[in-house]
There are 2 protein chains.
Amino acid sequence: MDRFVSTFTNKLDAKGRVSIPAPFREVLARDGYSGGQPTGPAGGGIYCYPALDTPALDAGGESLASKIDALLTGLSDYSDERDQLSVALYGDVHILKIDGDGRIVLPEELKRHAKLEGEVTFVGLGQKFQIWQPQAFEAYRADARGRARDHRQLFAGRRSGGDEPSGG
Amino acid sequence: MDRFVSTFTNKLDAKGRVSIPAPFREVLARDGYSGGQPTGPAGGGIYCYPALDTPALDAGGESLASKIDALLTGLSDYSDERDQLSVALYGDVHILKIDGDGRIVLPEELKRHAKLEGEVTFVGLGQKFQIWQPQAFEAYRADARGRARDHRQLFAGRRSGGDEPSGG
DNA sequence: TGGGCATCTATGGGATACGATGGGTTGGCA
DNA sequence: TGCCAACCCATCGTATCCCATAGATGCCCA
């Protein structure tokens, strides 16, 4: 299974376009973002929506959409809870088409949520990726590293041995 | 199972390239770093990221990637906690492609973290290996030896006797 | 048992394809 | 008819690939 990994910072041009990092495009292609052809539900394009907890955008291909579906099917039909969640999860989703040069255009609403302008940072999270305003991302990342350290300690405590991935 | 062992010091050339020690390449090949073919998640290449606690880089093949996945499984999808950990674990990872001559190019971000320039030292750690600035590694090694000695004393206390593996 | 040869690894450099960017142009829709 | 989105090009810096060299190692044969 392919994963989105690494971080890349690209420029947002005057038209609001930004290149998706080539490695991410590669993963999307395999995942079936259906780049152009109406292969998947999206009919071509990537799924992108404001992250619920952070000033960032979540994005991914078909598998991301499937995950959202799976999350909803876990809830009973006709429940108000489900409807609310559906609105929250689907209501803000934008399907961004990838042009011939591997770029997308970020809608005003999405740019506003993440306060994007000038440059944007793409960060891989494995199954999906996020889009951040560079400085905001640095702060978030610093915090995330700290938590990862704590998390690792926890694991170290209940593992037999061996070295941890992020160990040092 | 193959392991990364020994230390090697190679030169970083003007283009930022450095040869991976042949023995390590051998281990990576068996581990399935998928050198070139889009066989694994990496689509070819090794996983490399800044060590959290030391000025060094951790690197390895597919098995290292699996370990990262293992850390994330168990966390519910779409939780902010998972996203944060993903950023720390995947966001810092770089997939370094091994060229036809067995070399990799170290990105600026990674070189900065480990203060690499001129020469770099590869250290085998069993399932993964690290990349250090030579002097920094010497200092670290000296310290590690001291600790190993202490550790050995502990072991000696509860062993029948005999000679210790790491003597010297 | 010593010399010579075939390999392999580590490096340096040149040539090239690809990714990221900036702009112009066309077609559609309001 | 004015604005925006999709498309097409051209440019440029850099990552990749290929080739050549040098030193070290191990092997074969005289």
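Below, read A as the first sequence line, B as the second, and so on, with proteins coming before strands; counting in each chain starts at 1.
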Among C/dT21, C/dG22, C/dG12, find the nucleotide with the atom closest to the side chain of A/Asp13.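 Shortest atom-to-atom distance from the side chain points to C/dG22.
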State whether a side-chain donor-acceptor pair under 3.5 Å links B/Gln84 with A/Asp143.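 On atom types as modelled, these side chains qualify, holding a pair under 3.5 Å.
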Examine the side chains of B/Ser19 and B/Asn10 and answer whether a donor and an acceptor come within less than 3.5 Å of each other.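 Side chains of B/Ser19 and B/Asn10: no pair found under 3.5 Å.
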Counting only heavy atoms not in A/Glu138 (residues, nucleotides, ligands), do more than 12 fall under 6.0 Å from its CD?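 Count over threshold, so yes.
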Results of side chain to side chain contact (heavy atoms under 4.5 Å, CB included) for B/Lys115 - residues two or more places apart only: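 Applying side chain to side chain contact (heavy atoms under 4.5 Å, CB included) to B/Lys115 gives none.
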Reading nucleotides 14-19 of chain C from the 5' end, what letters show protein touch, with B for base, S for backbone sugar-phosphate only, - for no heavy atom under 4.0 Å? BB---S
What integer distance in Å separates [X]:[atom1] from [N]:[atom2]?
| X | N | atom1 | atom2 | value |
| --- | --- | --- | --- | --- |
| B/Phe24 | C/dT9 | CZ | P | 14 Å |
| B/Glu26 | C/dA10 | CD | P | 12 Å |
| B/Asn10 | C/dG12 | CG | C1' | 14 Å |
| A/Phe8 | C/dA20 | CZ | P | 8 Å |

Holding to ring-ring contact (aromatic ring centres under 6.0 Å, His included), I want the full list of residues that pass it with B/Tyr90, two or more places apart in sequence or in another chain.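 ring-ring contact (aromatic ring centres under 6.0 Å, His included) check on B/Tyr90 returns nothing, list empty.
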Shoot me the first and last contacting nucleotide of DNA chain D against chain A, ordered 5' to 3', at under 4.0 angstrom to non-hydrogen atoms.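 The protein-touched segment is D/dA6 to D/dC9.
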Can you pull out every ring pair (Phe, Tyr, Trp, His ring centres under 6.0 Å) where at least one residue sits in residues 5-30 of chain B? Sequence neighbours excluded, please.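 Sorted result for residues 5-30 of chain B: B/Phe4-B/Phe24, B/Phe8-B/Phe24, B/Phe24-B/Phe129.
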Please work out which residues in residues 99-110 of chain A have a non-hydrogen atom less than 4.0 Å from an atom of DNA chain D and list them by number.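 Within this stretch, A/Asp101, A/Arg103 sit under 4.0 Å of the strand.
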Which heavy-atom pair separates [X] from [Y] by the least distance, and what is that distance?
| X | Y | result |
| --- | --- | --- |
| A/Leu110 | A/Asp92 | CD2-O, 4.4 Å |
| B/Pro134 | B/Thr9 | CG-CG2, 4.2 Å |
| B/Ile46 | B/Ala59 | CD1-CB, 4.3 Å |

Answer yes or no: is there a side-chain heavy-atom contact under 4.5 Å between A/Phe122 and A/Val18?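 The answer is yes, as the side chains (C-beta and beyond) meet within the 4.5 Å cut-off.
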Are A/Leu57 and A/Val120 packed together at the side-chain level, in the sense that at least one heavy-atom pair is separated by less than 4.5 angstrom?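 Counting from C-beta outward, A/Leu57 and A/Val120 never come under 4.5 Å.
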